**Student:** 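Structure provided below as structure tokens; questions to follow.
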Amino acid sequence: MLDDCGKKTPFVDKIVLTVEREKVPERYKVRQGYYDVEIFERTETGMPYIVEKADSDEVREEYDRKGFRLDRFDDVWKYNVGFNMLDPVVGQGDTPERQLRNRKLRQAISIAIDWEEYSKIFPIKAGLTAQGSLPNGIFGSRQSQPGWFNPITHRLVDGVVLRRPIEDAKKLMQEAGYPDGRDAITGQPLTIHYDFYAPPTPEWRPEIEWMVRQFDKLGIQLEVRATDNNQFQDKVRKGKHQFFWYGWNADYPDAENFLVLLYGPNGKSRSDGENDTNYSNPEYDRLFESLKTLDDGPAKQAVIDKMIAILQVDAPEDFGIYPYSAAAVQHWVYNSKPSIIVLDKGRYLRLDAQERAKALAQWNRPVWWPLIVAVLVLCALLLVAVRSFRRRERTNARGEVLAQA
Amino acid sequence: MISYLLRRLFYGALILLGVNLLTFFLFFTVNTPDDMARMSIGGKHVTQELIDKWKAERGYDKPLYVNAAKQGGERYTDTIFWDRSVSLFELRFGRADADSGGDIGQEVGRRMWVSIELALPLFVLQVIASTGFALLLVMFRQTRLDFWGVICCVVMLSISSLFYIIVGQVLFSRVLMLSPISGYMAGLDAVKFLLLPIFLSLLSRLGTEARLYRAMFLEEIGKDYVRTARAKGLAETVVLYRHVLRNALIPIVTSAGSYLPYVFLGSLVFESFFGLPGLGAYVIEAITRQDFAIVRTMVFVGSLLYIATFVLIDVAYTWIDPRVRLS
């Protein structure tokens, strides 16, 4: 990649974007070399190819032979779930006792949602299980620092960070007043609404059902309220959401861009900001305000550490995952690295057009013989039919075949 | 005949009115103009000001059916329904709701040719192949060829067209590399992109059509005039092609004619899977984007074509069978 350092960009004359409605032809065209890069503006498009490659020896052989570049990177984006802190059951709570109960309930749910399992079941969407609010690559992130983890959801066992057992979550449920997922006073089962931002199409259903199973571990009934994004955003604006899925792509590589998502004055339902959880903690807000003026350094790191620690305990969101970025790129494409932050990546791409032409001709040689065989078989069948018909035409009522006139 | 045609055209206008009302009602039952604005503007920060501006620019800032703020006839004419309906009947399709959508009339005019390139050869080949195959089966009726031919038809019609598409794309494009898997280029280059969808579409409909036509031919072949023709000593091919085929044309024209609107409207599934920028793909894109301006236009144009087709079919009856009188 550094070979082109200092050279004048862009390296290509023209970028042609083609809209493909169907995934199957799109992937085949990549495999046949008709696309240099699959999906230009997204960063995770290489993941299905990586999964396919891992699943099949035949595919692996083909990808290796063709020299596909399917490198995987950490990136500065996240998918997670959050709680509406204005909600009486999972939110902040109006009395100290209620606040404690609700916090324990949120912590229990955060333990139960097994993101390590999610990455295994949905490998195309896999990522690093988030231990805090900052992904790798952002100053202040301790995500990949050995021995650092979210003590509420994980623990250290023989030097390995593991998710806490479900028994820990059940204990928290009991302390929250919901033993076995039932209200200790009324005996009613605890029902939580899952506000999902897309209709439950077959594409989403497995993930939605997976989430229902996570709550089922605690005996909580998760009622799915899947709507289109318009209605979902409307619910969030009105504060009518309870537990929900959301995500964030960094606009710029600074901790502020992630930590702002939980800054109190930015509560979406109150002031139409970006804080979908409506979380508000005076100490966190004070630290965030001081963070804004700090340069990267020990002082900023200390503030970030305090903020993350507050979030880990308060659990207004379950940190979810930092999905991997991976691009599907042909071997004649240089300088490709998927990144959420770099929006003008097209200017850095360089192509070896000669190599592309050579590879396309080599990979896509037509195979004609099956078609020729099929046509010959059809002709033979037709010939037999014609002869049989003529014979029938010359056959009289007694079954005798008359000589041709 | 003229009075019959005028009456049919009058009924056609009523049908168009009904279709227009139904489309409008159904669309705005599941969608409000505010929803459309939010979806079109996109993103999380959609303010009410932006929504109001979007609606005003596209004429969605009025009430749907009744404007309570107005008096007299304006209560009904100063509404979205009235504005949209009048422009449709004047064939002024306007602009798409999406900013990038452009002029609908121009887009329909451009995309219609792609659909015609796909559907016209398909329509002609479909009629020839289905009729030819059905006649072949009838020619060999009550033989093993007929038996296996019918089995073949049943198997072919039982398989979803999606299966033909997916298997066809894998076999012809991926394995044999004989054709591009999808895409489109204008001019003569279009041929190589159209061959596979035409062939697969033909194959997917062949079973249904051939079986239907075979039944029609068999019904005709048992009639007295056929026995008379045979008694005259005519060859079986002459009996079939000159007498049976001609007399079975009315149901064939009815069945084949019903596909005629698709010559212009294209195929939703095939255009989508093969990446052809025709009208079928246009509709799918519009539905996905909830672009009401395009959806209502396409439903209206579709209805118009259906009405015109069925009037044409009625007229064709008089040409096929001189005994038929339209009154």
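Keep in mind that this is a model prediction, so the values were computed, not measured. By convention in this document, chain letters (A, B, ...) are assigned in the order of the sequence lines, proteins followed by strands, and residues within each chain are numbered from 1. Only this structure's heavy atoms are used, side chains among them; waters, hydrogens and symmetry mates stay out.
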**Student:** Checking heavy atoms, do the side chain of B:Ala235, its backbone, both or neither come under 4.5 Å from chain A?
**Tutor:** both
**Student:** Measuring only between side-chain heavy atoms, which start at C-beta, is A:Arg365 closer than 4.5 Å to B:Met177?
**Tutor:** no
**Student:** Should the heavy atoms of other residues, nucleotides or ligands under 6.0 Å from CD of B:Gln48 be counted, would the total exceed 12?
**Tutor:** yes
**Student:** Which bit of B:Thr143 comes within less than 4.5 Å of chain A, counting heavy atoms only: side chain, backbone, both or neither?
**Tutor:** side chain
**Student:** Heavy-atom distance under 4.5 Å to chain B: side chain of A:Trp369, backbone, both or neither?
**Tutor:** neither
**Student:** Between B:Gln169 and A:Tyr28 (side chain of the first, backbone of the second, donor and acceptor by atom type, cut-off under 3.5 Å), is there such a pair?
**Tutor:** no
**Student:** Inspect the surroundings of CZ in A:Arg270 and state if more than 12 heavy atoms from other residues, nucleotides or ligands are less than 6.0 Å away.
**Tutor:** no
**Student:** Take a 6.0 Å sphere around OH of B:Tyr262 and say whether it holds more than 12 heavy atoms from other residues, nucleotides or ligands.
**Tutor:** no
**Student:** Dump the intermediate steps for salt bridge (charged side-chain N to carboxylate O under 4.0 Å, His left out) on A:Glu62 and B:Arg174, then the final yes or no.
**Tutor:** CA-CA 13 Å; A:Glu62 183 194 337; B:Arg174 174 100 185 97; 2.7 Å; yes
**Student:** Could you report the tightest heavy-atom contact between A:Pro25 and B:Ile181, atom names first, then the distance?
**Tutor:** O-CG2, 3.8 Å
**Student:** I need the minimum non-hydrogen distance between B:Leu176 and A:Pro370, along with the two atoms involved.
**Tutor:** CD2-CG, 3.5 Å
**Student:** Using a distance-only test with no angle check, is there a side-chain donor-acceptor pair under 3.5 angstrom linking A:Glu22 and B:Ser182?
**Tutor:** no
**Student:** Chain A: which of B:Gly183, B:Ser179, B:Pro277, B:Ser272 shares the most heavy-atom pairs with it under 4.5 Å?
**Tutor:** B:Ser272
**Student:** Non-hydrogen atoms of chain B under 4.5 Å away: do they reach the side chain of A:Arg392, the backbone, both or neither?
**Tutor:** side chain
**Student:** Hey, is CZ on A:Arg60 packed in by over 12 heavy atoms from elsewhere, all under 6.0 Å?
**Tutor:** yes
**Student:** So how far is it from A:Gln231 CD to B:Asp35 CG, rounded to the nearest 0.5 Å?
**Tutor:** 6.5 Å
**Student:** Checking B:Phe273 against A:Val24 for the side chain to side chain contact (heavy atoms under 4.5 Å, CB included) test, could you report, in this order, the C-alpha distance in whole Å, the side-chain angles of both residues, the deciding distance, and whether it holds?
**Tutor:** CA-CA 9 Å; B:Phe273 268 84; A:Val24 174; 5.8 Å; no
**Student:** Taking all atoms of both residues into account, what is the closest heavy-atom pair of A:Leu371 and B:Leu178, and its distance?
**Tutor:** CD2-CD1, 4.1 Å
**Student:** Between CZ of B:Arg144 and OG of A:Ser388, what distance do you get to the nearest 0.5 Å?
**Tutor:** 10.0 Å
**Student:** If you round to the nearest 0.5 Å, how far is CZ of A:Arg390 from CD of B:Glu236?
**Tutor:** 15.0 Å
**Student:** Is the number of heavy atoms from other residues, nucleotides or ligands within 6.0 Å of CZ (A:Arg31) greater than 12?
**Tutor:** yes
**Student:** Hey, is NZ on A:Lys66 packed in by over 12 heavy atoms from elsewhere, all under 6.0 Å?
**Tutor:** yes
**Student:** Would one find more than 12 heavy atoms of other residues, nucleotides or ligands at under 6.0 Å from atom CG of A:Leu376?
**Tutor:** yes
**Student:** Nearest 0.5 Å, please: how far is CG in B:Leu136 from CZ in A:Phe389?
**Tutor:** 9.5 Å
**Student:** Please name all residues satisfying side chain to side chain donor-acceptor pair (under 3.5 Å) with A:Glu61, sequence neighbours left out, ordered by chain then number.
**Tutor:** A:Arg65
**Student:** With rounding to the nearest 0.5 angstrom, report the CG to CG distance, A:Asp234 to B:Asp34.
**Tutor:** 9.0 Å
